[in-house]
Amino acid sequence: MAFKQRIQSFYDLIYEERLEVVSALDISRLRKICFESGCPDDDKHIRSIVWKILLGYLPINRNEWNNCLQQKRQLYQEFIRDLIIENSSIGQSQDDHPLNTDPNSHWKNYFRENEILQQIDKDVRRLYPDISFFQQKIARKFDSSDSDILSGRMNNSAHSIDVIKDCFGMTEIRKNKVYDQNQYIDPMAADSNDGEFHWQVVARILFIYAKLNPGQGYVQGMNEIIGPIYYVFSNDSKLEWRTHSEADTFWCFTSLMSEIRDIFNKHADSDRSSGIVSRMDRLVQILSKEDLELCQRINLIQGIKPHYYAFRWITLLLSQEFPLPDVLRLWDFMFSDENRFDFLLKLCCSMIIILRDQLMSGDFANNMKLLQNFPDSIEITFIVARAKTIQTS
Amino acid sequence: MSYAYLFKYIIIGDTGVGKSCLLLQFTDKRFQPVHDLTIGVEFGARMITIQNKQIKLQIWDTAGQEAFRSITRSYYRGAAGALLVYDITRRETFNHLTTWLEDARQHSNSSMVIMLIGNKCDLESRREVRREEGEAFAREHGLIFMETSAKTAANVEEAFINTAQEIFDKIQEGVFDINNEANGIKIGPQLSPSNQKSSSGNQALGTGGGCC
């Protein structure tokens, strides 16, 4: 199908006029066309809207969209207000002090949170170093200087100032700036002298998520999962969507995490029913069914266990194995499958099978390196096509 | 390529201390300032020479974050050497050494050689942990100690090679049971009596251990 036609078919489906009346969009058809060939890269709105639908953020009833978006975006602003802004005015109680060891001490919590913040801060600075996007500034501000409170807290520590020096060759401390409350500057109008970096927005989303999910907290790798979602939403060609990329990313990330929570749960590591271990077992199972000889060679004879390579593949949904544009395409296919994480395993299996010739002749060290550094010469369309045949076999 | 012995190493320590950069500098002789986060493990291999013997090093570089600790632990078993790394510009990474060490001692074999590494020694102006403190910690816990810079490559070769030297010496002294693969040492195909043609010595572990 010509690419213009493809773009049109997405628009027809999502923005069909009669949807104003009948309202429910044909989700199975949407899944189908997205699973067939992914979202068109040429249109910067389609993927952004399709992911929101497929991840269950946007209801399939079109006339519920406005309400839903308004509520969710408002709620996110409230999280920011409650968890970052209000929370930073601590130490008002006379009895509380920075050396208080009482577990309910605001100060104690404050320091614990600063540890999480510094961890997130360090990790998001390392996000997709091969593209410049996350290191670019956006000029947009919220209706308060909340981001400065957060970055002020990060900057209170000598470490994070040092990290800035490392990454950008400069030191920058921005605190207590006052912004015009109604000022809105487009996030795509990058690189003004003011405003925050994209990675700082990602850090804020992760911090809010960690605070709202204290049992899980922040785990390294969440940054890599949030990255592509935020990238897609903040490059939406429609301003009204782009404006809310932060809140929308938060909700879509939360929804995705609810499906893969066990992968990131350290207590579930050994839980054979749902955690990462069982997913890796399942991968070996699929591989042995598809190519027994290859499976036996790497898994049994050479002893290359799936957790040596597939741990990262599965945990990060393949986001560290490919350049960002390829990751976006892979995620189109993954998200559009109803059993998306089973399809992920099929993609993993396909990646192994595609390397068959090299794996059958390579020794342990070579094969390990090959699997840990998937060759970028291989087109992802091959990987997807092979995964689909596994799906139907 | 044939080798006399194969030693398995593990690199451990807090997140962001430069474990992956040390490995990359040692195996590829390059420095990557912004390295991907390590999730799970990364693998590297290189051949070195000790007393005219070819030694193959297989190195497992692990994720530093607490959440991955249960995965990391499974790599201690079967390691002959460990590089325990902290960052001389971040005091807390030094403070956590005791926990790392306890973890390592508990999950590894008792003869594992541990090298303590204070990394980022090129950043002298931001130093938070004095060299003497590292030395004292190493002395107290019976570790070898070295300050390195993965950026300038200072002492990186030495850190990996001195650890191998120590393991090699222990083999000579008979401390390591080289016939027990769980110790992280394998006899290479050229020394192994059951020298099989395929799979480059992966299962080939003879009884002779014919070293010197």
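Chain identifiers are assigned alphabetically (A, B, ...) following the order of the sequence lines, protein sequences preceding nucleic acid strands; residue numbering begins at 1 within each chain. What you see below is based on every heavy atom in this structure, not just the backbone, and it leaves out hydrogens, waters and symmetry mates.
Contact record, Ala365(A) with Lys56(B): CB-NZ, 4.2 Å, taken as the closest heavy-atom pair. Closest of all the heavy-atom pairs between Glu42(B) and Arg312(A) is OE2-NH1, 3.5 Å. Of all the heavy atoms in Arg90(B) and Lys122(A), the pair that sits closest is NH2-NZ, 3.6 Å.
The choice from Leu37(B), Thr15(B), Asp36(B), Val41(B) that makes the most heavy-atom pairs within less than 4.5 Å of chain A is Leu37(B).
Environment of CZ in Arg127(B): crowded, with over 12 heavy atoms of neighbouring residues, nucleotides or ligands closer than 6.0 Å. Asp28(B) CG: more than 12 foreign heavy atoms inside a 6.0 Å radius.
Aromatic ring pairs are classed by plane angle as parallel below 30°, tilted from 30° to 60° and perpendicular above 60°; the pair Tyr308(A) and Tyr75(B) is tilted.
Only the side chain of Asn223(A) comes within contact range of chain B, with heavy atoms under 4.5 Å apart. Of the two parts of Tyr218(A), the backbone and the side chain both hold a non-hydrogen atom closer than 4.5 Å to a non-hydrogen atom of chain B. Heavy atoms of Gln372(A) lying under 4.5 Å from chain B belong exclusively to its side chain. Contact annotation for Leu316(A): only side-chain heavy atoms (C-beta onward) come within less than 4.5 Å of a heavy atom of chain B.
With rounding to the nearest 0.5 Å, the separation of CD1 in Ile304(A) from CZ in Phe43(B) is 8.0 Å. Atoms CD and CD, on Gln119(A) and Glu66(B) in that order, are 11.0 Å from each other to the nearest 0.5 Å. Rounding to the nearest 0.5 Å places CD of Gln58(B) at 8.5 Å from CE of Met368(A). Distance check: Ile71(B) CD1 to Phe311(A) CZ gives 4.0 Å after rounding to the nearest 0.5 Å.
Between Phe68(B) and Val219(A) there is a side-chain heavy-atom pair separated by less than 4.5 Å.
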